[in-house]
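Letters go in sequence order (proteins before strands), and every chain restarts at 1. No experiment lies behind these values; they were computed from the predicted model shown.
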Amino acid sequence: PIAPVTMNAFELISTSQGLNLSSLFEK
Amino acid sequence: MGCFQSTSRKQFPGYEDPVQLSSQTAFSVSEVEALFELFKSISSSVIDDGLINKEELQLALFKNRKKENLFANRIFDLFDVKQKGVIDFGDFVRSLNVFHPNAPQEDKINFSFKLYDMDGTGYIERLEVKQMLIALLCESEMKLANETIEMILDKTFMEADVDQDGKIDKSEWHNFVARNPSLLKIMTLPYLRDITTTFPSFVFNSEVDEVAT
């Protein structure tokens, strides 16, 4: 896959699984 | 209620009274007790010592304890408020509080700034953002040429770094986030509203006489 270059750097970074804390609540 | 559980909480170093934690956060007493159920499960997943270590947080985030990840490391470092190399229950509740839908926007902005200011200089530097972009590309197996990464950084810093000194300070971050509110999406966890229904077993382990809702 190719990253969408129209997004700014922080928008891209915030898609990281490591920042997705909702997975803490998934049993 | 829950007298048979009363000694077990001594096994949790840094355990704090739910009533007190509730008074310092957006969580009700019941929600703090439900968070304790989640904390117990994460903190016993690798070493049952009542504390969350880095491997346990990675396991909870990725369901894979070997997957080292720059962003999970940043979250761990920020949750490890006392910088002891482990997260205790008080750290866990206070840190998650920032992610509560009712937490002040200011707290969310400050936390996100610290997240990206990896070396703690008080500025988000271009090199830090580049490192994070490269880490993201590795994590997601996306491919981008170096010049494309530089282009994204140019565009981002053109918008965010208003005084064009090559780094983003806190006030520039405030303004940038105000113009790009989607950047704060990761700072709110709607799950925190339903924590008592996600972990209903807190009722059986409650040490509070009247469980407030």
Side-chain angles (χ1 to χ4, degrees), chain A, chain B residues 38 41-42 57-58 60-63 67-76 95-96 99 112 115-116 124 126 129-130 132-133 135-137 139-144 148-149 151-153 155-160 168 173 176-177 180 182-187 189-192 194-195 198-199:
Chain A
I2 304 292
V5 288
T6 51
M7 292 168 98
N8 73 50
F10 296 104
E11 282 172 318
L12 279 168
I13 291 166
S14 63
T15 63
S16 165
Q17 176 64 26
L19 295 180
N20 179 15
L21 296 195
S22 55
S23 47
L24 293 179
F25 304 90
E26 289 157 10
K27 291 180 183 175
Chain B
L38 172 62
S41 135
I42 300 174
L57 184 72
Q58 304 245 1
L61 288 172
F62 292 99
K63 317 299 171 209
K67 192 163 179 176
E68 180 96 6
N69 177 283
L70 175 76
F71 305 104
N73 284 347
R74 283 305 294 143
I75 292 288
F76 183 87
S95 301
L96 278 180
F99 293 82
S112 64
L115 184 68
Y116 299 126
I124 302 172
R126 186 176 169 117
V129 184
K130 183 169 185 175
M132 288 187 268
L133 269 181
L136 173 80
L137 294 172
E139 174 193 321
S140 55
E141 295 176 359
M142 283 193 283
K143 287 184 176 59
L144 275 189
T148 312
I149 296 175
M151 224 169 67
I152 294 172
L153 290 169
K155 180 180 176 286
T156 305
F157 274 75
M158 191 88 79
E159 289 170 23
I168 300 165
W173 181 247
F176 187 59
V177 165
N180 299 273
S182 68
L183 294 183
L184 283 189
K185 255 189 196 166
I186 55 163
M187 293 304 308
L189 294 169
Y191 284 86
L192 291 173
D194 305 318
I195 192 80
T198 312
F199 298 96

Using non-hydrogen atoms and a 4.5 Å limit, figure out which bit of B:Asp194 sits close to chain A: side chain, backbone, both or neither. neither
Counting distance only, does the side-chain N/O of B:Thr156 pair as donor-acceptor with the main-chain N or O of A:Ala9 below 3.5 Å? yes
Fit a plane to each ring of B:Tyr191 and A:Phe25, take the angle between them on a 0 to 90° scale, and name the class: parallel (under 30°), tilted (30 to 60°) or perpendicular (over 60°). parallel
Side chain A:Gln17, main chain B:Leu61, donor-acceptor under 3.5 Å: yes
Checking heavy atoms, do the side chain of B:Leu133, its backbone, both or neither come under 4.5 Å from chain A? both
Could you check whether any side-chain heavy atom of A:Asn8 comes within less than 4.5 Å of a side-chain heavy atom of B:Leu183, counting everything from C-beta outward? yes
Looking at CG of A:Leu24 and CD1 of B:Ile42, how far apart are the two atoms once the value is rounded to the nearest 0.5 Å? 5.0 Å
Judged by atom type as modelled, is there a donor-acceptor pair below 3.5 Å linking the side chain of B:Lys63 to the main-chain atoms of A:Ser23? yes
Intermediate values then yes/no, side-chain contact (heavy atoms from CB on, under 4.5 Å), A:Glu11 and B:Ser182: CA-CA 8 Å; A:Glu11 282 172 318; B:Ser182 68; 3.8 Å; yes
If I compare all heavy atoms of B:Glu139 with all of A:Ser16, which pair ends up nearest, and what's the gap? OE1-OG, 2.7 Å
Most heavy-atom pairs under 4.5 angstrom with chain A, which of B:Phe99, B:Phe157, B:Tyr116? B:Tyr116
Knowing that exactly one of B:Leu70, B:Leu115, B:Leu136 qualifies, which makes a side-chain contact (heavy atoms from CB on, under 4.5 Å) with A:Leu19? B:Leu115
Does A:Ile13 reach the side chain of B:Phe71, with side-chain heavy atoms less than 4.5 Å apart? yes
Answer with side chain, backbone, both or neither: which region of B:Leu184 has an atom nearer than 4.5 Å to a non-hydrogen atom of chain A? neither
